[in-house]
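In this chain, numbering begins with 1 at the start of the sequence shown. When a ligand or atom number is given, it counts from 1 through the structure's own listing order.
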Amino acid sequence: MGVLRRYKELLPVTPSTPDVNLEEGSTPLIPLPRVGARLGIQLYGKFEGCNPSGSFKDRGMVLAVAKALEEGKRALICASTGNTSASAAAYAASAGVPCFVLLPAGKVAMGKLAQALMYGATVIAVRGNFDRALELARAAAERAGLAMVNSVNPYRLIGQRTGAGEVCEALGERAPAGKGLRAPDWHAIPVGNAGNISAYWAGYQEYLKLGKIDKAPRMMGFQAAGAAPLVTGQPCPDPETVATAIRIGNPVSAHLARAAVQESGGEFNSVTDGEILSAQRLLASEGGVFAEPASCAPLAGLVKLKGLGKLPEGITVTMVLTGNGLKDPDTALSSLEQSGGARPIEIGDTEEELMRVLEGRR
Ligand code: F0G
């Protein structure tokens, strides 16, 4: 069941809201026992890469697009570091409306670009960064009467709240008592435009108010060191990071994210590109989950905090693995290359050569 049907009680869905649906949401909360053991914690990954367009954006996009259609809008526009554009383009295709996406030229992972083009969006590569593309998209939406589906659209964050409830349900099922809902101790999440951390916090708050959980987690936001305005407290005019999804210097939801961290007793931290790529390899090779670089900033941060003696022993931590690793194979392959890691072993077509490899003789 997609997000609009599954959560109709929690969402502003009316009888006249079109039934937009790509069966998004209900993603797995994957236990990561080997990685958790290294860190001395109970670690889980909410694998949002299982959504239809391969990222968490689908949870909010479905609602934003449904409400845009309900309001009579006939075309969508967004700026994106890649995933929002893929998601918007997918729902536009499904609903049969045009979609315009503005991307920072040359700074979008190949899989995401291929998605937007395949879904049939008009892709506009802006010679400028994401922050500038977003300004342009907002101005154009206003001028041309298009539905703006970035997270400045309130329906996006309302839809994204649904992830928090799913985390609590899945943890509740695993709890020894085996019933009820349960929040993690820490909720670790990458922060770019700062919408998702704000949405998750709102989702946990909602469950707390409804009495479904008895405490909310500490919200731990992680940014890339080259694009860390929430850590430094200053907008970053020239953001740069290998985690292109979070290559953002002036997050629109910064105020909401700051409130989430403050109210929950959490923190913002930054991690280097090297730490992100090494966390990505760790998650894949010891967790069995391939997530894109931005999604691995939280794991990089947990490793770093562990090293600093700032990760409490035995706590339950959920990380949002925001996007699928298959979106950006180029970065993964060059990261393996640079770390002297795995690459294919080419052999001729004889059994003898194969046996030599299997027995470690070459
Ligand atoms: N992880 C991934 C994979 C993302 O694509 C994004 C944002 C984030 C984390 C950060 O989430 O912006 O809510 O703080 N991607 C946007 C995009 C900006 O255009 O696809 P946030």
Side-chain angles (χ1 to χ4, degrees), residues 27 45-51 53-61 64 77-90 101-104 107-109 111-113 115-116 121 123 126 129-134 137 148-153 156-157 159-161 163 188-203 219-224 227-230 239 241-258 260-261 268 271 276 280 290-301 319-328 331:
T27 56
K46 176 75 172 153
F47 193 31
E48 291 290 277
C50 286
N51 276 299
S53 84
S55 86
F56 72 97
K57 305 287 180 178
D58 295 345
R59 285 181 189 278
M61 194 60 73
I77 187 167
C78 68
S80 179
T81 56
N83 282 323
T84 296
S85 66
S87 184
V101 308
L102 279 66
L103 305 175
K107 295 291 183 180
V108 170
K112 303 174 189 179
L113 186 60
Q115 284 182 287
V123 174
V126 177
N129 62 29
F130 166 82
D131 304 278
R132 181 62 190 141
L134 183 59
M148 172 75 186
V149 295
N150 278 99
S151 56
V152 290
N153 178 321
R156 281 278 314 280
L157 297 195
Q160 282 173 216
R161 287 180 192 178
I189 184 165
V191 178
N193 218 11
N196 209 26
I197 189 171
S198 312
Y200 265 91
W201 179 238
M219 301 300 287
M220 304 296 287
F222 296 94
Q223 298 206 287
L230 286 160
T241 168
V242 72
T244 50
I246 51 172
R247 185 176 168 274
I248 295 174
N250 195 10
V252 288
S253 299
H255 56 296
L256 296 176
R258 279 201 194 92
V261 161
F268 290 112
V271 283
I276 289 173
Q280 187 188 29
F290 186 23
E292 69 169 281
S295 307
C296 300
L299 180 57
M319 306 184 290
V320 187
L321 303 173
T322 47
N324 200 303
L326 296 171
K327 284 175 175 268
D328 191 1
T331 300

Taken to the nearest 0.5 Å, the spacing of Ser80 OG from Leu102 CG works out to 10.0 Å
Correct closest heavy-atom pair for Asn250 and Asn193 would be O-OD1, 4.2 Å
If you scan protein heavy atoms around atom 1 (N) of ligand 1, the nearest is Thr322 OG1, 2.7 Å
shortest atom 11 (O) of ligand 1-to-protein heavy-atom contact is with Phe56 CZ, 3.5 Å
task: Please assess Arg247 against Val242 for the test side chain to side chain contact (heavy atoms under 4.5 Å, CB included), listing each intermediate value before the final yes or no.
output: CA-CA 8 Å; Arg247 185 176 168 274; Val242 72; over 6 Å; no
For residues 290-297, please give each side-chain donor-acceptor pair under 3.5 Å, one per line with the distance, not counting sequence neighbours.
| unit_1 | atom_1 | unit_2 | atom_2 | d |
| --- | --- | --- | --- | --- |
| Glu292 | OE1 | Lys112 | NZ | 2.7 |
| Glu292 | OE2 | Asn83 | ND2 | 2.9 |
| Glu292 | OE2 | Lys112 | NZ | 3.4 |
| Ser295 | OG | Thr322 | N | 3.1 |
| Ser295 | OG | Thr322 | OG1 | 2.7 |
| Ser295 | OG | Gly323 | N | 2.8 |
| Ser295 | OG | Gly323 | O | 3.4 |

Sorted by chain and number, sequence neighbours left out, ring pair (Phe, Tyr, Trp, His ring centres under 6.0 Å) with Phe222 holds for none
Review point. Any N or O of Gly195 that comes nearer than 3.5 Å to an N or O of ligand 1?
Key: yes
Checking heavy atoms under 4.0 Å, the part of Ile197 that sits near ligand 1 is neither
Atom 8 (C) of ligand 1 has as its nearest protein heavy atom Ile246 CG2, 3.6 Å
inquiry  = I'd like to check whether Thr81 has a polar contact with ligand 1, where a contact means an N/O of the residue lying under 3.5 Å from an N/O of the ligand.
reply    = yes
Of all protein heavy atoms, the one nearest atom 13 (O) of ligand 1 is Asn196 N, 2.8 Å
message = Looking only at distances, can you tell me whether any N or O atom of Gly192, backbone or side chain, sits closer than 3.5 Å to an N or O atom of ligand 1?
response = yes
One finds that the ligand 1 atoms under 4.0 Å from a non-hydrogen atom of Ser80 are 17 (C), 19 (O), 20 (O)
For Val191, the atoms of ligand 1 under 4.0 Å from one of its heavy atoms are 14 (O)
Between the CZ atom in Phe56 and the CD atom in Gln160, the distance rounded to the nearest 0.5 Å is 5.0 Å
Short version for Ile248: what comes under 4.0 Å of ligand 1, heavy atoms counted, is side chain
among protein heavy atoms, the one nearest atom 4 (C) of ligand 1 is Ala245 CB, 3.5 Å
Nearest non-hydrogen protein atom to atom 12 (O) of ligand 1, with distance, is Asn193 N, 2.7 Å
So for Ala194 against ligand 1, with non-hydrogen atoms under 4.0 Å, the contacting part is backbone
Q) Measuring from the heavy atoms of Ser151, does anything fall under 4.0 Å of ligand 1? A) no
Which of Asn51, Asn196, Thr27 passes side chain to side chain donor-acceptor pair (under 3.5 Å) with Arg59? Answer is Thr27
In this structure, CE of Met319 is separated from NZ of Lys46 (nearest 0.5 Å) by 13.5 Å
Between Pro229 and Gln223 the two heavy atoms that sit nearest each other are N-OE1, 3.3 Å
ask   = ligand 1 and Glu292, any nitrogen or oxygen pair closer than 3.5 angstrom?
value = no
Atom 20 (O) of ligand 1: closest protein heavy atom, distance to 0.1 Å, is Thr84 N, 2.8 Å
Counting both backbone and side chain atoms, is some N or O of Lys57 under 3.5 Å from an N or O of ligand 1? yes
Heavy-atom closest pair (Leu113 atom, Val108 atom, distance to 0.1 Å) is N-CG1, 4.2 Å
Ligand 1 N/O within reach of Ser295 N/O, cut-off under 3.5 Å:
no
Here the gap from Ile197 atom CD1 to Leu157 atom CG, rounded to the nearest 0.5 Å, amounts to 12.0 Å
**Item:** Lys327 and Gln115: side chain donor to acceptor below 3.5 Å
**Value:** yes
Please confirm whether Asn83 comes within less than 3.5 Å of ligand 1 when only nitrogen or oxygen atoms on both sides are compared. yes
